[in-house]
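Contents: one structure, followed by commentary.
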Amino acid sequence: MRKDIKFLLLILKKDWKLVALAIFGSILESIGLAGLAYIVKNVVDDVFIAKSYEKLVVVVSILLLLAVSKQIGFFLKNYIYPLVIFKAVKDLRKKMHEKIINAEPSFLRKISPGDLISRATTDLEKFAEISSTIGTNIITETFTVIGVIIVLIYRDWRMFLIFTIIIPFLSLALDFLGNKRKKYSQKQQESFSDYIQHLNQIISGFEVVKLFKKTIFFKVFERINETLFERQKKSKFYETVYLSTTEILAYAATGGIIFYGGIRIIKGEITPGDFFSFLGGVLIIINSMQILQRGIINLKALSPVIERIQFILNIPEEKAEGADFNGLKDKIEYKNVNVIIGNNHILKDINFTVRKGEKIGIVGLTGSGKSTLVKILPGLVKEYAGEVLIDGTELKKYSLPSIRNRIGMISQEVFIFNDTLRNNLLVAKPDATDEELIEALKKAKANFVFKLEHGLDTVLGEKGSRLSGGERQRIAIARIFLKNPDILIIDEATSALDVETEEYVMEEIKNHFKDKTILMITHRLKTLKIANRIIVMENGKIVEEGTKDELIAKKGAFYKFCTISETEN
Ligand SMILES: Nc1ncnc2c1ncn2[C@@H]1O[C@H](COP(=O)(O)OP(=O)(O)OP(=O)(O)O)[C@@H](O)[C@H]1O
């Protein structure tokens with residue numbers, strides 16, 4: 001709990017002036033209510049019993065003042081607390097977005113996107129809702145309870161003691177049932193994130209879903225849905241039992257007060273005004289306590305929500321520090337590089353050198369480690385042992401942003417985000433002119449975009465769903481012309497293009513990146529035409545290295561690979 005309060009205070013600190021104004025609102029509202037309980041005595045004793053006109057005017061004026069104070073207070077607390085929270089949540093959203101964008105790739109590979117999305121959306125909304133009610137309900141009602149307690153003690157401390165009998169019972173109920181609710185609220189949240197994750201998967205993989213037996217998807221969903229329902233049911237059950245228990249206790253105390261107060265009036269120990277003022281106060285307190293109870297129940301659910309939000313805020317980020325990489329001057333060297341992830345020994349004792357300007361072809365069977373090998377360079381795979389030297393300096397000593405500025409990578413999977421074609425291209429060069437964009441598109445033979453209804457302003461659907469696989473690849477290639485990197489990595493990035501387009505595009509790449517270094521993974525022999533040297537991989541190892549002719553003459557792994565490829569083509 002202390003951790004949660006610290007988290008809340010930390011995010012509210014920035015807007016402390018607004019928070020202070022809202023607290024002032026809470027105090028005004030509480031004064032309005034406590035004052036009302038207080039003034040009832042004067043209404044009964046001075047106006048109704050003593051029948052004084054002057055007192056009537058005074059009492060009504062005070063009542064009006066109290067009403068105005070309560071209303072001003074209500075406006076301030078009801079508008080400003082949520083406003084402060086919305087501002088804080090806006091900042092949190094920004095921080096989360098930054099955290100996700102800057103996250104360590106190894107972390108993102110492990111986590112499920114659905115879980116992360118549900119933490120950043122549902123949990124954040126829940127956080128906003130609960131923490132707003134802390135101000136509007138808990139703070140305000142606490143002031144009201146304190147104010148009214150002062151009035152009650154002042155009116156009759158003996159009767160107040162009777163009222164306090166319920167407090168230990170209340171706190172017991174609060175503890176036991178509240179904890180139960182907290183547990184199920186957390187479980188409910190977990191189930192909800194399973195639900196989002198499932199929907200996410202069936203929507204993004206709908207083509208596969210449609211072609212397989214749907215019964216399995218329904219069965220998996222049924223289990224998720226049933227668990228979510230059960231947890232919601234239990235959470236609501238404990239909340240309701242909690243509320244009615246506390247309510248029963250509160251009404252029992254009221255009954256006791258009426259009984260005891262009645263005896264004291266009959267005995268002449270207190271005036272009817274004292275009694276009604278007390279009873280009015282008790283009714284206000286019961287109402288405040290009910291609101292407080294609900295607030296506290298919600299507060300119990302805040303802790304797991306904050307935990308889930310903090311998980312995102314604590315995502316390990318990539319470091320940006322290091323030496324500036326200003327372009328390759330001499331060579332890239334892999335020295336005894338090994339990559340072991342979990343139980344998987346993906347790269348084994350890799351040793352090879354790429355000289356500036358060389359065009360290296362990388363071939364090998366699927367799963368032989370080709371992508372892992374090249375992903376080391378832009379820091380997408382950092383879990384390697386051994387050395388990767390760029391111009392003699394270990395890769396990890398360079399600042400990642402400067403490395404990534406100089407390395408371009410195109411792969412089979414093309415990321416097209418849900419925005420205009422222009423913005424999808426500008427990710428590669430934010431200050432590019434339209435002419436540059438069009439030139440890049442032409443080089444990538446992406447002529448189809450010139451037929452688009454709104455040209456560069458055409459919005460490409462989510463995941464580029466308006467585009468075919470080959471069209472998406474051409475956008476990715478256009479981006480690479482715009483980025484104009486020093487080192488270019490091509491990971492089967494032309495596999496979805498027809499042979500003619502692929503040849504054209506490869507020719508453009510060859511001319512454009514004439515002096516640049518290229519590492520190119522391919523399954524197609526024709527694409528290897530531009531390679532000066534070829535590396536053959538098998539089972540995480542480099543098994544052959546040489547020019548195309550040397551390797552063919554060797555009649556080893558590459559020769560075998562060529563024979564298979566030729567047969568397949
Ligand atoms: N992050 C990871 N965690 C665990 N295993 C991984 C990870 N990344 C890759 N692998 C495994 O490492 C092996 C090599 O993968 P990699 O993608 O480098 O091969 P590849 O030669 O590029 O394959 P393909 O031609 O199919 O793209 C595979 O068995 C893959 O499952």
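Numbers here simply count residues along the sequence, with the first being 1. Computed from a predicted structure; not experimentally measured. Counting starts at 1 for both ligands and their atoms, following the listed order.
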Under 4.0 angstrom from ligand 1, any heavy atom of Gly342?
no
Phe86 atom CZ: more than 12 heavy-atom contacts under 6.0 Å
no
With a 4.0 Å heavy-atom cut-off (strictly under), which part of His523 contacts ligand 1: side chain, backbone, both or neither?
side chain
Candidate with minimal heavy-atom separation from atom 12 (O) of ligand 1, of Ile346, Ile340, Ile362
Ile346
By number and element, which atoms of ligand 1 are closer than 4.0 Å to a non-hydrogen atom of Ser371?
17 (O), 18 (O), 20 (P), 22 (O), 27 (O)
Among all the protein's non-hydrogen atoms, which is closest to atom 19 (O) of ligand 1, and how far away is it?
Gly369 N, 3.3 Å
Pair Asn336-Asn351, side-chain donor/acceptor within less than 3.5 Å:
yes
Does this structure show an ion pair linking Asp391 with Lys331, if we count only N-O contacts that are shorter than 4.0 Å?
no
Out of Ile521, Asn344, Asp491, Val339, who gets a non-hydrogen atom closest to atom 5 (N) of ligand 1?
Asn344
Would a line drawn from the ring center of Phe192 to the ring center of Tyr195 be shorter than 6.0 Å?
yes
Kindly check if the number of other-residue, nucleotide or ligand heavy atoms within 6.0 Å of NZ (Lys87) is above 12?
no
Protein heavy atom at shortest distance from atom 14 (C) of ligand 1
Gly367 O, 3.5 Å
Would you tell me whether Arg479 and Asn424 have side-chain atoms, one donor and one acceptor, within less than 3.5 Å of each other?
yes
N or O contact, Ile341 vs ligand 1, cut-off under 3.5 Å
no
Element-labelled atoms of ligand 1 that are located less than 4.0 Å from some non-hydrogen atom of Arg109:
1 (N)
With heavy atoms and a 4.0 Å threshold, my read on which part of Lys370 contacts ligand 1 is both
Identify the closest protein heavy atom to atom 26 (O) of ligand 1: which residue and atom is it, and at what distance?
Thr366 OG1, 2.4 Å
Which of the numbered atoms in ligand 1 are below 4.0 angstrom from a heavy atom of Thr372?
15 (O), 16 (P), 18 (O)
Glu492 heavy atoms, cut-off 4.0 Å: which ligand 1 atoms fall inside?
25 (O)
With heavy-atom distances below 4.5 Å as the criterion, would you say the side chains of Asp434 and Glu436 are in contact?
no
Going by distance alone, is a donor N or O of one side chain under 3.5 Å from an acceptor N or O of the other, for Arg308 and Thr122?
no
Examine the proximity of ligand 1 to Lys375 and report which part, side chain or backbone, both or neither, has a heavy atom under 4.0 Å away.
neither
Inspect the contact between Glu544 and Lys560 and indicate whether a charged nitrogen and a carboxylate oxygen are less than 4.0 angstrom apart.
no
